[in-house]
There are 2 protein chains.
Amino acid sequence: MEIEPATLGKARLFARGWSWLKALLPARKFKKVVDAAKCIKQLGQDDSRRVIHCLKVGLALTFVSLLYYCKPLYEVFGVSGIWAVITVVLVLEFTVGATISKGLNRGFATLFAGALAIGTEHFSRLFDRKAEPIVLGVLLFLLATTSSFTRFIPRIKAKYDYGVMIFILTFSLVSVSGYRTENLLEVAHQRLSAIAIGGATCIIMSVFVCPVWAGKDLHKLTASNLEKLANYLEGFGGEYFQTDPDHEEEGISTITAASNSKLDDKAVLLQGYKSVLNPKNTEESLASFARWEPGHGGFHFRHPWNQYLKIGALARQCAHRIEVLDGYINSDIQAPLEIRNKIRESSTKMCLESSQALRALASSIKTMTDPSAADPHVKNSETSINDLKIALESASKLENVDLLAIIPIASVASILTEITKCVWRISELVHELSLLAYFKSAATSDQREPGSGLHRGSVKPVLDDDSDRTVTIIVQATNVKIVDHQYDPSNTDSLENRIPDPAVKSVRLEER
Amino acid sequence: MEIEPATLGKARLFARGWSWLKALLPARKFKKVVDAAKCIKQLGQDDSRRVIHCLKVGLALTFVSLLYYCKPLYEVFGVSGIWAVITVVLVLEFTVGATISKGLNRGFATLFAGALAIGTEHFSRLFDRKAEPIVLGVLLFLLATTSSFTRFIPRIKAKYDYGVMIFILTFSLVSVSGYRTENLLEVAHQRLSAIAIGGATCIIMSVFVCPVWAGKDLHKLTASNLEKLANYLEGFGGEYFQTDPDHEEEGISTITAASNSKLDDKAVLLQGYKSVLNPKNTEESLASFARWEPGHGGFHFRHPWNQYLKIGALARQCAHRIEVLDGYINSDIQAPLEIRNKIRESSTKMCLESSQALRALASSIKTMTDPSAADPHVKNSETSINDLKIALESASKLENVDLLAIIPIASVASILTEITKCVWRISELVHELSLLAYFKSAATSDQREPGSGLHRGSVKPVLDDDSDRTVTIIVQATNVKIVDHQYDPSNTDSLENRIPDPAVKSVRLEER
């Protein structure tokens with residue numbers, strides 16, 4: 001293959017530039033720069049929406065700067081046009097919910113604070129010119145102090161912190177600058193329109209140009225967290241019970257580079273649960289942004305986002321138990337093989353069933369279909385708890401068994417049981433979610449033929465908040481599959497107590 | 001006691017006003033208002049520094065508004081004085097570290113972005129008037145896009161997120177408004193000085209008027225987290241092993257309102273560990289603010305804040321284990337009394353020793369003294385692990401023991417052992433902290449008499465970061481107590497792997 005002289009020349013030039021750059025920087029720093037560049041590239045590749053977001057920021061800023069650059073627009077807005085620029089920089093966030101929340105907070109806070117400041121200004125003009133700044137100063141002090149305090153109130157901090165800050169900012173700006181401005185109303189009007197234009201640009205940009213929905217992210221995060229737990233449970237059985245010495249030796253003799261990398265992959269898969277341990281803040285902020293988002297692809301405006309937080313809390317509890325369980329894989333004290341073999345089958349089955357239940361729940365969330373596919377696995381895990389008990393009992397009847405040797409395996413069994421119970425609760429919550437969020441019945445998604453015995457009717461939950469928290473579902477069809485979903489209030493297990501009051505205690509079905 | 005008519009009149013007036021207010025609002029809303037007021041009062045009482053912070057905000061704002069109200073000052077700064085007000089609203093934060101971090105970020109970002117924008121402005125003036133906005137727009141787009149992207153880089157997000165935002169903001173402001181401003185340099189100079197005045201006001205206000213140090217808060221939080229774990233462990237032994245039926249019945253018969261409230265107190269004390277479960281973000285943000293703080297009361301500028309994060313991570317792990325342990329207190333399946341009695345003594349001792357070790361470590365952190373008071377408890381807990389093993393062994397030799405009945409108690413023993421090991425690691429980390437942060441030796445705090453066998457010498461750790469991470473402590477005195485503190489690198493326990501590389505691997509003592 002021949003290379004054209006021009007290309008060759010360019011390649012040489014590039015090589016020369018590269019070596020020049022290398023010579024310029026000490027080897028260490030050069031490596032750092034290359035690493036940083038790689039890290040940045042990785043960031044973009046991991047989530048291309050980040051790159052799109054940056055382009056959106058650039059575009060929105062360039063767009064609102066037209067208020068200054070276009071003479072006709074400049075004549076309307078004057079220097080106040082700069083407020084559109086400020087608004088875009090401060091309001092345009094990564095997710096739609098965050099942008100809308102900041103935009104509306106900013107809009108209303110500006111409006112309210114501006115009105116109040118103009119009122120204050122008029123009030124202070126009742127006094128003579130010398131007393132005016134004193135009156136203004138005292139009012140500013142009082143307002144700034146009290147508003148700052150509201151930012152410590154948890155409920156306000158969670159939802160309106162930015163709004164309160166903008167309120168203080170705008171009030172100070174208008175009341176202070178109002179002292180030296182004659183045509184205050186006109187300036188206020190100009191600024192408000194500029195801010196409205198900036199805010200509208202942000203909201204339009206974030207909703208219509210490649211939107212990033214916080215709600216969708218929360219939805220996906222919940223499903224993927226359940227999947228990570230499922231991965232661990234699926235792998236745990238094999239990992240813990242396979243440490244059979246013969247097996248190990250055999251394994252070592254056949255280890256190749258390929259199987260080594262396979263082991264690494266497995267380890268990564270097993271360690272996935274760790275990311276479930278600490279995402280409380282992420283989930284909470286996603287949920288709080290999601291509440292501001294309009295309906296989008298399957299999520300209506302009042303989608304039960306709280307339910308995701310409840311599922312997340314349980315998933316985290318499950319992950320805590322898994323963390324403790326994980327300590328036993330590498331524990332020095334291992335139970336004798338004989339006993340491990342006794343309980344291997346039932347434990348592995350329990351792990352697998354729990355894992356499959358979690359996987360079915362995750363897929364039900366992902367596809368927004370009825371989670372009943374998880375039910376048989378939940379049932380099987382119930383029976384496997386009994387199997388495990390029986391296996392342990394028979395193990396205890398083995399002769400020459402040292403209790404000390406049984407302790408770790410007894411602990412593993414006990415924690416596995418706790419995890420399985422946790423999975424049941426998660427299943428309950430996902431069932432609730434499927435009702436609250438109108439998940440499609442599995443039949444529809446399977447595209448069952450008509451007449452297969454299942455009719456879909458219009459299902460309309462009527463939430464009755466003040467009474468005994470009963471959801472009445474009125475079904476306008478006959479032959480419906482009756483979903484009876486009931487919490488047992490007498491079950492005051494320790495786990496139950498830690499979950500926030502479930503919103504729905506029972507679901508009644510009425511036929512019309 | 002007689003009441004004066006005037007007071008009586010006032011009281012009547014107050015009562016009338018109260019009932020009028022009550023009549024005005026529906027009963028429900030009235031209750032809500034009263035509850036909100038109580039909640040606000042509680043917020044102030046819980047941490048009076050909040051109230052002081054609000055007063056500081058009011059004061060700082062009123063102070064910088066003088067730039068507008070005072071004619072001589074207004075003549076210097078002009079309308080740019082408003083930037084001092086904006087800076088105060090945005091920069092003055094609750095802790096000193098947060099304020100300094102935001103202030104410096106804002107200052108440098110403004111300086112840098114302003115200079116760059118003025119350069120851009122001059123560059124664009126090379127083109128003709130019609131091409132100028134296009135050139136400016138393209139540059140603005142490029143800069144906004146790339147800077148926005150840097151906000152996704154975790155290291156920049158953690159420390160300089162606010163700075164990058166201000167950089168984009170200032171660059172847009174100056175480059176856009178520069179197009180219509182003739183005396184750009186003068187405006188830039190005025191704004192910069194106003195921002196400097198605002199920033200300086202914030203920093204002075206936060207450092208010198210009732211300062212709230214993030215570092216001190218982190219320090220206290222770490223100590224109190226250890227104390228909460230200690231409280232749980234102290235209570236656990238009593239709680240778990242006391243559920244002896246005779247004891248319970250006796251308890252029920254003598255329950256009074258007072259003892260009930262005592263039980264509530266105990267439950268609150270036991271549940272304290274829950275707050276240790278999820279404070280990762282709080283700790284991280286406190287540590288990142290603390291790094292900006294100048295030396296204050298015992299904490300020098302480069303105090304090892306990272307060490308607190310490591311201790312916090314281990315405390316959280318310990319709390320996860322406690323959460324699992326807590327599930328066994330209310331478990332339906334309880335081990336038979338006979339077996340529980342067998343291991344009661346050793347378990348209770350283990351809990352108590354771990355708890356006392358944690359308490360000693362917490363107090364060492366609190367008082368910044370040598371944590372060697374914890375060492376005997378750590379040692380005792382080591383022997384109690386063996387005692388527990390022996391007790392379990394003897395329990396297993398009891399006749400007619402059902403293995404199933406032993407499982408929960410075996411699990412409890414196993415988790416308790418894990419917790420105790422966790423406490424050892426915490427003790428190691430606190431010892432490291434005491435070296436890195438120059439904690440006083442216990443002798444000084446006890447005010448031992450001279451000649452009691454312990455000489456204090458000037459101890460100067462020399463951190464050698466690039467080599468094998470060895471801290472060499474050169475002691476310029478004889479007869480010193482030799483603190484040998486060494487990690488065992490062969491110990492690749494699962495727990496160890498989860499802790500970030502300890503900074504110090506061994507401490508050598510040399511006598512000169």
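By convention in this document, chain letters (A, B, ...) are assigned in the order of the sequence lines, proteins followed by strands, and residues within each chain are numbered from 1. Note: hydrogens, waters and symmetry copies are ignored here, and every other heavy atom, side chains too, is used.
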Should B:Tyr74 and B:Val79 count as side-chain neighbours, where that means a heavy-atom distance under 4.5 Å?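 Yes; the side chains approach each other to less than 4.5 Å.
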Looking at side-chain heavy atoms only, is the closest gap between B:Thr145 and B:Phe149 below 4.5 Å?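 They are not in contact (no side-chain heavy atoms under 4.5 Å apart), so the answer is no.
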Is B:Leu59 close to chain A through its backbone or its side chain, or both, or neither, when contacts mean heavy atoms under 4.5 Å?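 Both backbone and side chain.
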If we define contacts as heavy-atom pairs under 4.5 Å, which of [options] has the most with chain B?
options                             : result
A:Gly137, A:Ser177, A:Ser172        : A:Ser177
A:Ile168, A:Leu61, A:Val64          : A:Leu61
A:Val85, A:Leu136, A:Ile82          : A:Ile82
A:Ser65, A:Cys54, A:Gly58, A:Ser148 : A:Cys54

Interchain contact, A:Leu92 with chain B, by part (heavy-atom threshold 4.5 Å):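 Neither; nothing under 4.5 Å.
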Side chain / backbone / both / neither for A:Phe63 at chain B, heavy atoms under 4.5 Å: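 Contact with chain B involves no heavy atom of A:Phe63 at all.
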A:Phe152/B:Phe94 aromatic ring centres below 6.0 Å: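 Ring-ring flag for A:Phe152/B:Phe94: true, centres closer than 6.0 Å.
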At a heavy-atom distance under 4.5 Å, which candidate from [options] has the highest pair count against chain A?
options                                : value
B:Ala319, B:Cys70, B:Pro133, B:Ala144  : B:Pro133
B:Leu140, B:Val412, B:Val138, B:Leu169 : B:Leu169
B:Ile153, B:Thr146, B:Ile415           : B:Ile153
B:Glu132, B:Lys71, B:Arg151            : B:Lys71

Within this structure, what is the CZ-CG distance for the pair A:Phe171 and A:Leu143, rounded to the nearest 0.5 Å?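 Going from the CZ atom of A:Phe171 to the CG atom of A:Leu143 covers 4.5 Å.
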Applying side chain to side chain contact (heavy atoms under 4.5 Å, CB included) to B:Arg191 and B:Val187, what does each step give before you reach the verdict? CA-CA 6 Å; B:Arg191 274 194 199 171; B:Val187 172; 3.9 Å; yes
Which atom names give the shortest non-hydrogen contact between [X] and [Y], and what distance separates them?
X        : Y        : value
A:Ser147 : A:Phe167 : OG-CE2, 3.8 Å
B:Ala413 : B:Thr417 : O-OG1, 2.7 Å
B:Ala194 : B:Gly81  : CB-CA, 4.2 Å

Between A:Met165 and B:Leu90, is the side chain to side chain contact (heavy atoms under 4.5 Å, CB included) condition met? List the steps. CA-CA 8 Å; A:Met165 202 186 75; B:Leu90 298 180; 3.3 Å; yes
What residues of residues 39-49 of chain B sit under 4.5 Å from chain A when only non-hydrogen atoms are counted?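 Residues in range: B:Ile40, B:Leu43, B:Gly44.
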Would you call B:Glu283 and B:Arg316 a salt bridge, using N to O less than 4.0 angstrom?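 Salt bridge between B:Glu283 and B:Arg316, a charged N being under 4.0 Å from a carboxylate O: yes.
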Assess the residue pair A:Ile86 and B:Leu173 against the criterion (side chain to side chain contact (heavy atoms under 4.5 Å, CB included)); give the C-alpha distance rounded to whole Å, side-chain angles, the decisive distance to 0.1 Å, and a yes or no. CA-CA 7 Å; A:Ile86 297 180; B:Leu173 279 187; 3.6 Å; yes
